[in-house]
Amino acid sequence: MTFEYVPRGVCARKMVITVEDGVVTDAQILGGCHGNSQGVAALVKGMQADEVIRRLSGIRCGYKSTSCPDQLAAALKKHLQHDGE
């Protein structure tokens with residue numbers, strides 16, 4: 001299933017994530033730091049969504065209370081909660 005998420009508190013404008021059978025098969029982070037966004041997206045492909053959440057939750061960007069990786073984790077949490085209902 002592919003879903004979109006609008007992150008909060010970061011430079012990125014939108015995230016488009018595909019999860020199949022609990023595995024992230026694609027991720028796009030639109031806006032923000034292009035190289036970092038591409039790197040994070042490439043690293044999470046093929047990972048279990050739960051593992052992505054575990055590894056990326058709580059990462060901060062400078063003085064901000066969140067980051068693009070943290071927002072990716074938040075998107076997956078929201079998706080997994082909604083999908084499990």
Side-chain angles (χ1 to χ4, degrees):
M1 166 186 239
T2 299
F3 64 98
E4 293 184 0
Y5 181 79
V6 177
R8 297 178 185 176
V10 296
C11 300
R13 298 179 319 272
K14 181 168 67 170
M15 296 180 177
V16 181
I17 306 159
T18 304
V19 177
E20 300 293 338
D21 298 322
V23 175
V24 177
T25 59
D26 191 35
Q28 298 173 39
I29 302 171
L30 308 172
C33 304
H34 189 65
N36 288 335
S37 297
Q38 284 184 344
V40 169
L43 288 171
V44 301
K45 287 180 188 175
M47 287 180 65
Q48 290 286 331
D50 289 338
E51 181 66 8
V52 173
I53 292 167
R54 186 185 73 74
R55 289 183 182 208
L56 300 184
S57 290
I59 292 176
R60 296 175 54 150
C61 182
Y63 63 87
K64 298 177 183 178
S65 62
T66 189
S67 66
C68 289
D70 182 56
Q71 287 294 293
L72 179 58
L76 288 168
K77 283 182 198 175
K78 184 176 180 179
H79 170 73
L80 292 177
Q81 288 173 351
H82 175 72
D83 199 40
E85 293 177 358

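Residues Val19 and Thr25 fail the side-chain proximity criterion, which asks for heavy atoms closer than 4.5 Å. Side-chain contact between Ser37 and Gln28 is absent, with no heavy-atom pair separated by less than 4.5 Å.
Scanning for side chain to side chain donor-acceptor pair (under 3.5 Å) contacts around Thr18 gives Thr2, with sequence neighbours left out. Residues passing the salt bridge (Lys or Arg N to Asp or Glu O under 4.0 Å) test with Lys14 are Glu4, sequence neighbours excluded.
Counting only residues at least two apart or on different chains, the ring pair (Phe, Tyr, Trp, His ring centres under 6.0 Å) pairs with a member in residues 2-32 are Phe3-His79. Identified under the salt bridge (charged side-chain N to carboxylate O under 4.0 Å, His left out) test for residues 58-67, with sequence neighbours left out: none. Residue pairs meeting the ring pair (Phe, Tyr, Trp, His ring centres under 6.0 Å) criterion with at least one member in residues 12-44, sequence neighbours excluded, do not occur.
Cluster annotation: Val10 is not connected to Ile29 through the hydrophobic network of ILVMFWY side chains, with a link wherever side-chain heavy atoms come within less than 4.5 Å. One hydrophobic cluster holds both Leu80 and Val24 under the rule that ILVMFWY side chains link at heavy-atom gaps under 4.5 Å. The hydrophobic cluster containing Val52 does not contain Val23, counting ILVMFWY residues as joined when their side-chain heavy atoms lie under 4.5 angstrom apart, directly or transitively.
A distance of 11.0 Å separates CD1 of Ile17 from NZ of Lys78, quoted to the nearest 0.5 Å.
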All N/O donor-acceptor pairs, side-chain side in residues 67-75, below 3.5 Å, sequence neighbours left out:
{"unit_1": "Ser67", "atom_1": "OG", "unit_2": "Ile59", "atom_2": "O", "d": "2.8"}
{"unit_1": "Ser67", "atom_1": "OG", "unit_2": "Asp70", "atom_2": "N", "d": "3.1"}
{"unit_1": "Asp70", "atom_1": "OD1", "unit_2": "Gly58", "atom_2": "N", "d": "2.7"}
{"unit_1": "Asp70", "atom_1": "OD2", "unit_2": "Thr66", "atom_2": "OG1", "d": "2.6"}
{"unit_1": "Gln71", "atom_1": "OE1", "unit_2": "Arg8", "atom_2": "N", "d": "2.8"}
{"unit_1": "Gln71", "atom_1": "NE2", "unit_2": "Thr66", "atom_2": "OG1", "d": "3.1"}

Can you give me every donor-acceptor pair (side chain of residues 43-51, partner residue at least two apart or in another chain, under 3.5 Å) with its distance?
{"unit_1": "Lys45", "atom_1": "NZ", "unit_2": "Asp26", "atom_2": "OD1", "d": "3.3"}
{"unit_1": "Glu51", "atom_1": "OE1", "unit_2": "Arg54", "atom_2": "NE", "d": "3.1"}
{"unit_1": "Glu51", "atom_1": "OE2", "unit_2": "Arg54", "atom_2": "NH2", "d": "2.7"}
{"unit_1": "Glu51", "atom_1": "OE2", "unit_2": "Arg55", "atom_2": "NE", "d": "2.6"}
{"unit_1": "Glu51", "atom_1": "OE2", "unit_2": "Arg55", "atom_2": "NH2", "d": "3.3"}

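By the 4.5 Å side-chain criterion applied to Ile, Leu, Val, Met, Phe, Trp and Tyr, Val16 is assigned to a cluster that also includes Leu30.
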